[in-house]
Each structure stands twice: as structure tokens, then as C-alpha cells.
Protein chains: 2
Amino acid sequence: MQKKHHPPLSPSLEDYLEAAYTLSRTDGSARSWRIGAALKVSKPSVSGAIRALAARGLVLQEPYGAVRLSADGLRLGAEIAGRHALLKDFFVSILGLDPAEAENDACRAEHALSREALRRVQALALFLKTPARRATLAAARRAAGEAI
Amino acid sequence: MQKKHHPPLSPSLEDYLEAAYTLSRTDGSARSWRIGAALKVSKPSVSGAIRALAARGLVLQEPYGAVRLSADGLRLGAEIAGRHALLKDFFVSILGLDPAEAENDACRAEHALSREALRRVQALALFLKTPARRATLAAARRAAGEAI
DNA sequence: TGCTAAAGTTAGGTGAGACTAACTTATGCA
DNA sequence: TGCATAAGTTAGTCTCACCTAACTTTAGCA
């Protein structure tokens, strides 16, 4: 099996891989139409994206069958889903954003931030959530929620 | 002057407008080649983007001349540059990110976050920067800087 | 004052990522 | 068990955002 190098995944392909990963977790398998429904794109769009992910060895596709993630795909999918969860949690529990809006913001921001920035966001969230910081976090959330 | 509606600016066009705005501020005028240099794109790319911005009434272009922002363009440009500055400041002064990396992250994140999220990030930064919070901010930055 | 070099534009092409329409394969149930 | 419907694929098109090559305009200076 010859390895080719591919550029890092585009935001779009990250979304497809993340959806496939999440659906595999929740539903046991990732059917193409469910990915399309989750991402609100057409069937051919999913088909093309899966082919691109398969070319990178991230998913295995038996034609007309379910999408399965390779070991690499599982690792990357988990990482992307983790970035998403981390940001959503920060938006909700630190900034006090409405969960639906936090979800949208996380979807977009997860492709924009560097590993290091993400790590620091996570650390900040953890710091502010320590029990000793209860009052501070409450005040911060109050401050974030107020109009400026 | 007939107004057409246009969809909101794409991330790419926001970048061009932001660059034009910033150059106008620092250099007094925005020459096309400077925009291209700032964004690391070719002359024709700038030319095309300026045409698109002009079609939306955001910039005035006299052929072969400097790019000037309209009143709308100035407003939007200032807003976009503000988002950028706000995020960079958060990354540097709250998360303790290296300024060069903060710049890159801000460039990408400025297109990803909603108005509300941005507002709350700003409020959080303001909150943590109040003098009464000196020790907390220092501890937070220390926590963010440490490996997890 | 005219020529050259820098700046800007036009023309044409590429690749990503989306779409619709039409086709193929798989599935489930009468 | 065969056929209708659901799921997936193929083909072809569109737009966006970039590129190079070649052309035009502007401007500076000998």
C-alpha cells in the first residue's frame, strides 16, 4: 500500500470526517445520507467527499455500503470532534453563550484556531472552572452576558 | 445610483477590505500592490476583489488609481479590523499566545465567530483585565501557558 | 520629451466544493 | 420472489478564489 502525501484536510473535509466519526459513535455506522443530512449537503457532495477521504486513507468505503473510519480516520475524527466539543464548552460554560449559537460558532471556529490556541482556551476554561474560582467564573459570565 | 443586494462579504473579500482599510489608515492611501503584498496574493487577484468590493459600493476605484473606501466601506472595514484587533488582544493578553501566532489565529478566527461571541470574548477580556483581577489574570495566563 | 519600469487590467485556466438530473444498486415487503 | 422505493454514484455545471502570461496605463527621470 503506497502512501501519498496529501495536504492537510480542508475545513470542508474535516467537517465530513467529523460527521462520519460522530455518526459512527452514536449510530454505530455512518451512512452517507446521514452525513449529508447532518451537514445539509446533497448526496453527490457526500459521495465526492468520502472519495477524497478514502484517497487519504481516512475512511474505507465498500461501494454502496456504510462508511467506516480507518485507524487514522478515527484518530483524526476524534481530534476534530474534540476541538469542536472544547470550543462549544468554552462558549457555553465560560462565555455563557446559548447552546445553539455556541454550536454554530464552534463549527466555524474549530477550523480556524491553531493547536496551541485551542490548548490555551481549554486550559483557561479548566482554570476558571476550578471550584476555588466559582465566584470569579460567575462574575465573568455575568460580565460577558451584559451588553457593553 | 441603484442599490443591488449582495450576500454578506465572503471571508476572502473581508480580508481585502480589511487590508485596504488598514493601509488607508497607515499609509494614507491603499495602492493595489500593497494590498496584494499584505495578503500574499497576485495583482489580478486584488484587481478582481476590488471590482467585487466596488460593485457592493464599499470602495471607489478610479482606474489605475488608488483604492478609496466609501463611507460604507470605512464602516465595515473598521468593524472587521476591530474584530481582528479584539481577538488578537484576547489571544495575547489573556491566553498569553505569542504575538505572531496570535496574529495568524486572529486572521482566521475573525471570520468564524458571531457578533455575539465576539462581544462576549471582548467582555471577558475586559473583565479579566480590570485591576481588581490582576492576580487572577496572572494565574490564568500561567495556567494557559502550561502544558496540560 | 520620450522611454522605461512599475503598477494595474484583461484574458484564460485550475481546483475545490457545492448543485441538479439521471442512472445504478440495495432493501424490504406484498 | 419480484418490484417499488431508498440510498449511492456518475455526469455535467456553477461559483469562488486563486494563478500566469500578456497587455495597458502611469509616472519618473535622463
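Labels below follow one simple rule: chain letters A, B, ... track the order of the sequence lines, proteins then strands, and each chain is numbered from 1.
Taking 4.0 angstrom as the limit, A/S45 places none of its side-chain polar atoms (N or O) nearer than this to OP1 or OP2 of C/dG17. For the pair B/S42 and D/dC19, the criterion of a side-chain N or O lying under 4.0 Å from OP1 or OP2 is met.
Among residues two or more places apart in sequence or in another chain, the side chain to side chain contact (heavy atoms under 4.5 Å, CB included) test is passed with A/A54 by A/V59, A/Q61. The side-chain hydrogen bond (donor to acceptor under 3.5 Å, both in side chains) test applied to B/R134 returns no partner, not counting sequence neighbours. B/E103 meets the side chain to side chain contact (heavy atoms under 4.5 Å, CB included) test with B/H84, B/K88, B/C107; sequence neighbours excluded. The side chain to side chain contact (heavy atoms under 4.5 Å, CB included) check on A/S10 picks up A/S12, A/L13, with sequence neighbours excluded. For B/L76, the side chain to side chain contact (heavy atoms under 4.5 Å, CB included) partners at least two apart in sequence or on another chain are B/L9, B/L17, B/L58, B/E79, B/I80.
Going from atom CG of A/L13 over to atom C1' of C/dA18 covers 13 Å, rounded to whole Å. Per the geometry, NZ belonging to A/K40 stands 18 Å off C1' belonging to C/dG17, to the nearest Å. In this structure, CD1 of A/I35 is placed 9 Å from P of D/dG8, rounded to the nearest angstrom. Here the P atom of nucleotide D/dA7 and the CG atom of A/L23 are 14 Å apart, to the nearest Å.
Membership of an apolar cluster is not assigned to B/W33, as no side-chain contact below 4.5 Å to another ILVMFWY residue is traced.
Rounded to 10°, the helix from C/dT1-D/dA30 to C/dA30-D/dT1 has 10° between the axis fitted to its first five pairs and the one fitted to its last five.
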Inset, instruction - Starting at the 5' end of nucleotides 2-16 of chain C, put B wherever the base has a protein heavy atom under 4.0 Å, S where only the sugar-phosphate does, and a dash everywhere else. - result: -----BBBBB-----

Donor-acceptor pairs under 3.5 Å, side chain of residues 136-144 of chain B to any protein atom, not counting sequence neighbours: which ones?
{"residue": "B/R141", "atom": "NH1", "partner": "B/V92", "partner atom": "O", "Å": "3.4"}
{"residue": "B/R141", "atom": "NH1", "partner": "B/S93", "partner atom": "O", "Å": "3.3"}

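Shown here for A/A112 and B/A112, the closest heavy-atom pair between the two residues is CB-CB, 4.3 Å.
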